[in-house]
Visitor: 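This is the structure I have questions about; it appears just below.
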Amino acid sequence: KQEVTQIPAALSVPEGENLVLNCSFTDSAIYNLQWFRQDPGKGLTSLLLIQSSQREQTSGRLNASLDKSSGRSTLYIAASQPGDSATYLCAVGGTYKYIFGTGTRLKVLA
Amino acid sequence: GAGVSQSPSNKVTEKGKDVELRCDPISGHTALYWYRQSLGQGLEFLIYFQGNSAPDKSGLPSDRFSAERTGGSVSTLTIQRTQQEDSAVYLCASSLDPEPGNTIYFGEGSWLTVV
């Protein structure tokens, strides 16, 4: 059974810092991995999708990496801003459904 | 539609009552998913539809929960005889098709409170 863990559960950083969010999964037989952002009281917004054959994806200040063999993914946020404050969820994709981690709650202080 | 639409956005109901939650996926998306997010918890998979059929209902927590999808579009999640532990956000998502690698798009959720 696939299990997804995110560390840390919460993170508070000053504006401008570069930071790394971690996601680990127990079963390396995945099709893809997605990182989502969730703002309070809102649904989820997809940030980056990494296919199982890829090592990383970049979008603006965000970079996500995937190491299937070790069961790990990281989300790197460069030059963090207060607007980045949200909960970040990683989700591991099987044949059709995603298994989610419990998220990292990020607060970027102005 | 432009995005996944869910209704109601908020629902407060008395214990023991039935509730229906509706999801209108993105037009043309054949795959539809229901997830549940309890306070402080991750997302819990409930059910997946491909077209009108539900190949995987394994996540439905009990027989009080049921879901259907008609016309390959709108889906309804029904919870009968609600209990307080059913209080959660119910999120619907859709994707173009269930092939691995397709981005899934989430609605804003239906916030259910059972009192």
Visitor: Would you find more than 12 non-hydrogen atoms of other residues, nucleotides or ligands less than 6.0 Å from B:Glu85 atom CD?
Guide: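 It does: B:Glu85 CD has more than 12 such atoms within range.
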Visitor: Checking heavy atoms, do the side chain of A:Leu89, its backbone, both or neither come under 4.5 Å from chain B?
Guide: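 The side chain, not the backbone.
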Visitor: So which part of B:Gln6 gets closer than 4.5 Å to some heavy atom of chain A, the side chain, the backbone, both or neither?
Guide: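 When you check distances to chain A, no heavy atom of B:Gln6 falls under 4.5 Å.
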Visitor: Can you tell me if A:Arg55 has over 12 outside heavy atoms packed within less than 6.0 Å of its CZ?
Guide: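 Check fails, neighbour count at 12 or below.
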Visitor: Once you round to the nearest 0.5 Å, how far does CD of B:Gln37 lie from OG1 of A:Thr87?
Guide: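 With rounding to 0.5 Å, CD (B:Gln37) is 8.0 Å from OG1 (A:Thr87).
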Visitor: Do A:Phe36 and B:Trp34 belong to the same hydrophobic cluster, where Ile, Leu, Val, Met, Phe, Trp and Tyr are linked whenever their side-chain heavy atoms lie under 4.5 Å apart, directly or via other members?
Guide: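 As far as the 4.5 Å side-chain criterion goes, B:Trp34 and A:Phe36 are not connected within one cluster.
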Visitor: Where on A:Gln38 is there a heavy atom nearer than 4.5 Å to chain B: the side chain, the backbone, both, or neither?
Guide: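 Answer is side chain: those atoms of A:Gln38 sit under 4.5 Å from chain B.
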Visitor: Quick one: do A:Ile30 and B:Tyr48 end up in the same hydrophobic cluster if we chain Ile, Leu, Val, Met, Phe, Trp and Tyr together by side-chain heavy atoms under 4.5 Å apart?
Guide: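 Not linked; separate clusters.
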Visitor: For the residue pair A:Lys97 and B:Phe45, would you count it as a cation-pi contact if the rule is NZ or CZ under 6.0 angstrom from the ring centre and within 45 degrees of the ring axis?
Guide: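 Positive - A:Lys97 is close enough to the ring of B:Phe45 and near enough to its axis.
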Visitor: For chain A, which residues of residues 105-112 of chain B have at least one non-hydrogen atom nearer than 4.5 Å to it?
Guide: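 The residues closer than 4.5 Å to chain A, in numerical order, are B:Phe106, B:Gly107, B:Glu108, B:Trp111.
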Visitor: Could you go through the side-chain contact (heavy atoms from CB on, under 4.5 Å) check for B:Tyr33 and A:Tyr98 one step at a time?
Guide: CA-CA 10 Å; B:Tyr33 313 81; A:Tyr98 283 85; 5.7 Å; no
Visitor: Does a sphere of radius 6.0 Å around NZ in A:Lys42 hold more than 12 heavy atoms from other residues, nucleotides or ligands, not counting ones at 6.0 Å or beyond?
Guide: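 Check fails, neighbour count at 12 or below.
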Visitor: When you group the ILVMFWY residues by side-chain heavy-atom contacts below 4.5 Å and let the links chain together, are A:Val4 and A:Leu48 in the same group?
Guide: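 Yes, it is one cluster - the side chains of A:Leu48 and A:Val4 are joined through contacts under 4.5 Å.
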Visitor: Relative to chain A, which segment of B:Leu43 carries a heavy atom at a distance below 4.5 Å: side chain, backbone, both, or neither?
Guide: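 For B:Leu43, the contact with chain A is made by backbone and side chain together.
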Visitor: Can you get from B:Ile104 to A:Leu49 by hopping between Ile, Leu, Val, Met, Phe, Trp and Tyr side chains that sit under 4.5 Å apart?
Guide: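 Shared cluster, yes.
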Visitor: Using the rule that Ile, Leu, Val, Met, Phe, Trp and Tyr join whenever any side-chain heavy atoms are under 4.5 Å apart, tell me whether A:Leu66 and A:Ile77 fall into a single cluster.
Guide: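 Yes, A:Leu66 connects to A:Ile77 through the hydrophobic network.
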